[in-house]
Amino acid sequence: MAKNVLAFIDFETTGLSPDNGDRLIEVGVVLLQAQQIVDRYQSFINPGIAVPGFVTQLTGISSSDVRSAPESSQVLQELHRFLGGVPLVAHNASFEQRFLDAEYSRVGLQRQQPLICTLRVARRVYPNAPNHKLGTLVNYASVPHSGRFHRALDDAEMTAGLWLRMRQRVIENFSLSSVSDEFMQQIQSVPINGGLASLVSRSAA
DNA sequence: TGCCAGGCCCTCTTTAGGGCCTT
């Protein structure tokens with residue numbers, strides 16, 4: 001796998017908790033390299049259970065849409081090959097992490113790479129945003145988007161676009177020439193009030 | 001029977017509780 005690649009990943013699921021039996025119904029991934037999307041992966045997944053009505057209302061995905069889709073074991077094997085060891089990025093990454101780890105364990109696979117959370121980065125880069133939902137941030141930061149929310153590939157693309165906007169915001173706010181993915185990753189762990197400025201100062205020293 | 005997520009973050013905090021965010 002080429003260096004300096006990030007994989008932006010998003011799941012649609014039957015609910016909020018794999019521990020309560022919720023399963024994946026769609027996965028979307030975009031690979032970002034040199035600030036360009038260089039590859040995409042999308043698949044429906046047959047969850048083996050009914051898609052709840054509120055999920056269909058939210059995502060537009062119904063049980064009939066996923067009934068003929070491949071089983072999760074097949075999709076997870078494909079996804080594992082597609083991702084390789086590329087670092088993952090997701091909005092509210094703990095959600096994707098719990099489902100990915102749970103689904104991987106079902107088929108004897110293990111996640112090798114870290115997850116970076118754009119929600120945590122956004123709370124530090126855009127502390128004054130109305131809220132930090134993906135849809136709100138995409139509009140707040142003027143991220144180009146398809147207008148189709150709560151679909152895996154669209155949300156993954158929006159998350160990548162938000163990442164690029166946040167990078168640009170950091171560059172402009174602190175008059176930097178550039179910032180690395182590693183620097184962006186560090187932002188998620190600094191204190192919300194003043195931590196970003198301290199990180200820039202430490203990096204410049 | 002009744003309940004049902006979990007991590008991050010803030011504050012009227014730290015011996016806790018509640019809002020946010022994901023589907």
Side-chain angles (χ1 to χ4, degrees), chain A residues 7-30 42-67 69 72 75-76 79 88-106 111 114-141 143 145-146 148-163 165-166 184-199:
Chain A
F8 292 79
I9 187 166
D10 187 78
F11 294 140
E12 305 307 320
T13 72
T14 61
L16 295 175
S17 174
D19 292 340
N20 280 356
D22 288 320
R23 302 297 305 277
L24 302 182
I25 57 174
E26 189 184 34
V27 54
V29 182
V30 298
Q42 183 277 336
S43 181
F44 279 138
I45 300 168
N46 183 346
I49 58 176
V51 177
F54 72 89
V55 172
T56 299
Q57 196 165 21
L58 180 70
T59 66
I61 302 171
S62 65
S63 291
S64 61
D65 291 323
V66 295
R67 191 170 296 132
S72 64
V75 176
L76 268 292
L79 179 65
L88 301 174
V89 189
H91 198 67
N92 198 17
S94 65
F95 178 83
E96 266 69 25
Q97 178 176 330
R98 281 186 289 120
F99 271 94
L100 183 61
D101 290 351
E103 294 282 349
Y104 268 173
S105 71
R106 284 174 170 268
R111 176 173 53 87
L115 266 109
I116 303 164
C117 181
T118 51
L119 171 60
R120 296 181 67 191
V121 175
R123 281 176 169 152
R124 290 152 175 84
V125 174
Y126 296 122
N128 297 320
N131 60 58
H132 297 88
K133 297 177 182 178
L134 179 60
T136 300
L137 288 168
V138 159
N139 289 313
Y140 184 77
V143 175
H145 61 82
S146 65
R148 194 168 68 156
F149 295 90
H150 298 295
R151 286 299 302 274
L153 189 59
D154 294 82
D155 283 3
E157 285 209 36
M158 289 181 210
T159 306
L162 176 62
W163 180 262
R165 279 285 193 268
M166 291 194 295
M184 293 296 293
Q185 180 176 352
Q186 290 175 36
I187 291 174
Q188 67 181 340
S189 300
V190 301
I192 285 182
N193 293 319
L196 181 50
S198 297
L199 181 63

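Below, read A as the first sequence line, B as the second, and so on, with proteins coming before strands; counting in each chain starts at 1. Hydrogens, waters and symmetry mates play no part in the numbers below; they use all other heavy atoms, side chains included. If you're wondering where the values come from, they're calculated on a predicted model, not measured in any experiment.
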For this session: Tell me what Phe11(A) touches on the nucleic acid: a base, only sugar-phosphate, or nothing, going by heavy atoms under 4.0 Å.
Result: sugar-phosphate
Exercise. Separation of Asn193(A) atom CG from dT11(B) atom P, in whole Å?
Worked result: 8 Å
Exercise. Quick one: Arg120(A) CZ to dC20(B) C1', roughly how many Å, whole number?
Worked result: 14 Å
Seminar exercise, completed: Testing dC21(B), dC9(B), dG6(B) for proximity to the side chain of Arg98(A), the answer is dG6(B)
Seminar exercise, completed: When rounded to whole Å, the CD to P distance for the pair Gln97(A) and dG7(B) reads 9 Å
Seminar exercise, completed: Picking from dA5(B), dC9(B), dT22(B), the nucleotide nearest the side-chain atoms of Asp19(A) would be dA5(B)
Exercise. What's the CD-C1' distance between Glu96(A) and dG6(B), to the nearest Å?
Worked result: 13 Å
For this session: Check for a donor-acceptor pair, side chain of His91(A) on one end and backbone N or O of His132(A) on the other, with a separation under 3.5 Å.
Result: yes
For this session: May I ask you to decide whether Arg151(A) forms a salt bridge with Glu26(A), counting only side-chain N to carboxylate O separations under 4.0 Å?
Result: yes
Exercise. Looking at dT23(B), dC21(B), dC10(B), which one has an atom nearest to any side-chain atom of Glu12(A)?
Worked result: dT23(B)
Exercise. dG18(B) and dC4(B): how far apart are their P atoms, nearest whole angstrom?
Worked result: 13 Å
Problem set entry | Closest listed nucleotide, where the reference is the side chain of Arg123(A) and the choices are dG6(B), dT23(B), dC20(B) | dC20(B)
For this session: Please determine if a side-chain N or O atom of His91(A) lies less than 4.0 Å away from the OP1 or OP2 oxygen of dC21(B).
Result: no
Problem set entry | Same-atom distance (C1') from dG19(B) to dC12(B), integer angstrom | 15 Å
Seminar exercise, completed: Leu119(A) CG to dT23(B) P, in whole Å, measures 11 Å
Exercise. If you look at every strand shown and take non-hydrogen atoms under 4.0 Å, does Asp22(A) touch a base, only sugar-phosphate, or nothing?
Worked result: nothing
Seminar exercise, completed: In whole angstroms, the gap separating C1' of dT23(B) from CG of Leu100(A) amounts to 16 Å
Exercise. Any side-chain heavy atom of Leu153(A) sitting closer than 4.5 Å to one from Asp10(A)?
Worked result: no
For this session: Would you tell me if any nitrogen or oxygen in the side chain of His132(A) comes within less than 4.0 Å of OP1 or OP2 on dC21(B)?
Result: yes
Exercise. Rounding to the closest angstrom, what is the interatomic distance between dT14(B) and dC8(B) at atom C1'?
Worked result: 16 Å
Problem set entry | N/O donor-acceptor pair under 3.5 Å between Thr14(A) side chain and Val51(A) backbone | no
Exercise. Is the Phe149(A) to His145(A) ring centre distance short of 6.0 Å?
Worked result: yes
Exercise. With rounding to whole Å, what would you report as the distance between dT1(B) and dT15(B) at their P atoms?
Worked result: 39 Å
Exercise. Nearest-Å distance, CG (Leu134(A)) to C1' (dT23(B))?
Worked result: 13 Å
Exercise. Choosing from dC21(B), dT23(B), dC9(B), which nucleotide comes nearest the side chain of Ile192(A)?
Worked result: dC9(B)
Problem set entry | Cys117(A) backbone acceptor or donor facing Gln188(A) side chain under 3.5 Å | yes
For this session: Considering only atom P, compute the distance from dG7(B) to dC3(B) and round it to an integer number of Å.
Result: 23 Å
Exercise. Which value, in whole Å, describes the distance between the P atoms of nucleotides dG2(B) and dG6(B)?
Worked result: 23 Å
Exercise. Are OP1 or OP2 of dC9(B) and a side-chain N or O of Arg124(A) less than 4.0 angstrom apart?
Worked result: yes
For this session: Check the distance between dT22(B)'s C1' and Phe99(A)'s CZ and give it to me in whole angstrom.
Result: 9 Å
Seminar exercise, completed: Ranking Gln188(A) and Phe95(A) by the position along DNA chain B of their nearest nucleotide, the one closer to 5' is Gln188(A)
Exercise. For DNA chain B, whose closest nucleotide is more 5', that of Asn20(A) or that of Gly135(A)?
Worked result: Asn20(A)
